[in-house]
2 protein chains.
Amino acid sequence: MAEPSIRPKRRADAERSIARIVSAARALLSSDPNAKTDDIAKAAGVGRMTLYGHFGTRAELVEAALVDALKAGDETLSAVDLTGNAREAMTRLLASSWQIVAESAALLAAAEEVLPAGRIRELHERPVRRMTELVSRGQDQGVFRADLPTTWLVSVVQYILHGAATEIRAGRLAPHDAAEVVTKSVESVLTGQAVKR
Amino acid sequence: MAEPSIRPKRRADAERSIARIVSAARALLSSDPNAKTDDIAKAAGVGRMTLYGHFGTRAELVEAALVDALKAGDETLSAVDLTGNAREAMTRLLASSWQIVAESAALLAAAEEVLPAGRIRELHERPVRRMTELVSRGQDQGVFRADLPTTWLVSVVQYILHGAATEIRAGRLAPHDAAEVVTKSVESVLTGQAVKR
DNA sequence: AAGAAGTCGTACTTCCATGTACGAGCTTTG
DNA sequence: CAAAGCTCGTACATGGAAGTACGACTTCTT
């Protein structure tokens with residue numbers, strides 16, 4: 001009751017190669033955002049022609065890969081318990097999030113080069129909403145600061161997450177410390193003791 | 001006593017067009033990181049050939065533009081008073097920094113596409129050093145948290161700065177509020193009341 | 001088992017920006 | 001003022017990846 005909405009056609013073997021292609025695309029693009037369709041086809045163990053048979057354009061393929069990654073991420077994050085104290089919930093959410101972000105950073109970059117910004121936002125709707133709701137709830141609970149707009153706070157969290165991913169790739173942050181560093185930083189911004197001056 | 005280190009040659013004439021080219025490049029690239037050499041030449045009111053006469057490659061040109069922007073920024077930032085209380089100094093530094101960052105964000109993006117990451121870091125040495133010293137001093141003064149590495153803190157500040165620039169461009173943050181929002185956010189991360197749990 | 005659907009190699013067309021080549025004609029400079 | 005230094009138009013060479021065209025062959029589906 002989940003995948004084949006309205007697609008009566010398409011043979012089993014086609015389904016199979018599509019899956020291989022998408023998964024190969026996701027893998028390759030996640031390490032090299034400039035991977036060529038050619039490379040992807042090869043990695044998928046499929047002819048370039050087959051690939052073009054299913055994805056008319058490179059952009060479509062990239063989008064499919066992103067959607068796939070996003071879906072996987074969403075599944076992971078859906079499993080996180082966000083009830084109770086918002087600050088603690090955030091810690092849990094971040095613990096699961098940062099790796100996902102780190103892993104798909106390159107893929108995202110690839111998408112940003114070929115897809116309109118609006119489309120990308122659209123695809124990120126669920127994760128963003130999840131974060132937004134949590135932050136907002138925290139603000140209501142009085143656990144998170146209310147002197148800055150929710151939108152901005154959510155953005156900052158994302159920037160910190162991506163930042164950590166970058167630092168790791170650049171070797172300036174040990175993957176081991178990432179979780180702690182991210183958590184602490186985010187917590188400060190969200191909590192934001194409006195330091196008395 | 002500043003520019004012509006060792007370059008006895010080059011006619012006044014040439015000097016002039018180089019200046020126009022660099023400035024045009026900086027302007028164009030700051031709004032469209034994909035500006036073509038052709039466009040830049042036109043904007044500079046100079047033939048494409050002239051441009052190539054001075055910059056053998058697009059990358060060289062982009063670098064020159066970045067260097068120019070960085071030099072200008074450095075001049076502005078050098079004027080900021082960083083003495084006294086580190087937190088207050090940081091506020092002053094941010095007040096001058098965020099606009100510079102916002103303005104040159106696209107240019108930076110252009111550079112990131114054609115220059116090796118190392119080169120870019122190298123060029124940013126001064127601004128980064130300035131920030132690093134301030135953060136570090138703040139940590140010594142006990143004004144900034146010491147439970148996170150200086151490097152990371154500096155990075156976060158940069159990410160927040162760039163993030164704000166992005167939000168502004170996307171229309172999700174009013175330029176008017178930028179300074180406040182950035183300052184508050186940065187202050188929280190740096191101050192980082194390690195909230196008792 | 002037969003026809004539809006899918007696969008895939010090879011070869012080719014397009015596109016487009018970067019960078020080169022020439023050479024005539026203007027400026028500077030000293 | 002004359003040569004060295006620049007400018008700049010036009011035309012061409014490169015290169016790389018995207019996407020198209022064919023056609024023979026293979027695997028599903030019913």
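Sequence lines set the chain letters: A, B, ... in the order given, protein chains first and strands last, and positions in each chain run from 1.
Here D:dA18 presents its P atom at 10 Å from CG of A:L51, a figure rounded to the nearest Å. Summarising the geometry, the separation between NZ on A:K42 and P on C:dC8 is reported as 13 Å, rounded to the nearest angstrom. Rounded to an integer number of Å, the gap from CZ of B:F55 to P of C:dT18 is 15 Å. For the pair B:D39 CG and C:dC16 C1', the computed distance is 13 Å after rounding to whole Å. Atom P of nucleotide D:dA18 and atom CG of A:L61 are separated by 10 Å, given to the nearest angstrom. To the nearest angstrom, C1' of D:dA17 lies 12 Å from CD1 of A:I40. B:E113 has its CD atom 12 Å from the P atom of C:dT18, to the nearest Å. Atom OH in A:Y52 sits roughly 15 Å away from atom C1' in C:dG9 (whole-Å rounding).
A:E113 places a side-chain heavy atom less than 4.5 Å from the side chain of A:N34. Using a 4.5 Å cut-off on side-chain heavy atoms (C-beta onward), A:V157 and A:V189 make no contact. Proximity of B:L107 to B:R26: side-chain heavy atoms (C-beta onward) are separated by under 4.5 Å at one or more points. Residues B:R10 and B:I18 have side chains in contact (heavy-atom distance under 4.5 Å, counting atoms from C-beta outward). Put simply, the side chain of A:I120 reaches to within 4.5 Å of the side chain of A:L108, judged on heavy atoms. Between A:L82 and A:R130 there is a side-chain heavy-atom pair separated by less than 4.5 Å. Side-chain contact between A:S188 and B:R145: present, with at least one pair of heavy atoms (C-beta onward) separated by less than 4.5 Å. In this structure, the side chains of B:V143 and B:R137 stay at 4.5 Å or more apart for every pair of heavy atoms.
The list of side-chain hydrogen bond (donor to acceptor under 3.5 Å, both in side chains) pairs with a residue in residues 149-172 of chain B, not counting sequence neighbours, reads A:S155-B:E167, A:Y159-B:E167, A:E167-B:S155, A:E167-B:Y159, A:S185-B:W152, B:Q139-B:T150, B:E167-B:R172.
When atom types are taken as modelled, the side chain of A:S96 and the backbone of A:L93 share no donor-acceptor pair closer than 3.5 angstrom. The backbone N or O of A:T37 lies less than 3.5 Å from no partner atom in the side chain of A:R58, so there is not a single donor-acceptor pair.
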*Go along nucleotides 8-15 of chain D 5' to 3' and tag each nucleotide: B for a protein heavy atom under 4.0 Å from its base, S when only backbone or sugar atoms are that close, - otherwise.*
BBBB----
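Between A:H54 and C:dG6 there is no side-chain polar atom (N or O) within less than 4.0 angstrom of OP1 or OP2. Put simply, A:T57 has a side-chain N or O that comes within less than 4.0 Å of OP1 or OP2 on D:dG19.
Taken together through direct or relayed side-chain contacts under 4.5 Å among Ile, Leu, Val, Met, Phe, Trp and Tyr, A:L29 and A:F55 form part of one hydrophobic cluster.
Across all non-hydrogen atoms, the minimal contact from B:I21 to B:A44 is CA-CB, 3.8 Å.
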If you restrict it to nitrogen or oxygen atoms, what contacts under 3.5 Å exist between nucleotides 24-30 of chain C and the protein, and what is each distance?
residue	atom	partner	partner atom	Å
C:dT27	O2	B:R11	NH1	2.9
C:dT27	O2	B:R11	NH2	3.1
C:dT28	OP1	B:R16	NH1	3.2
C:dT28	OP1	B:R16	NH2	3.0
C:dT28	O4'	B:R11	NE	3.2
C:dT29	OP1	B:A12	N	3.1

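Legend: residues meeting side chain to side chain donor-acceptor pair (under 3.5 Å) with A:R119, ordered by chain and number and at least two apart, are A:E63, A:E122.
For the helix from C:dA1-D:dT30 to C:dG30-D:dC1, the angle separating the two terminal helix axes comes to 30°, with each axis derived from five pairs and the value rounded to 10°.
Near DNA chain C, meaning a heavy atom under 4.0 Å from it, residues 22-38 of chain A has no residue at all.
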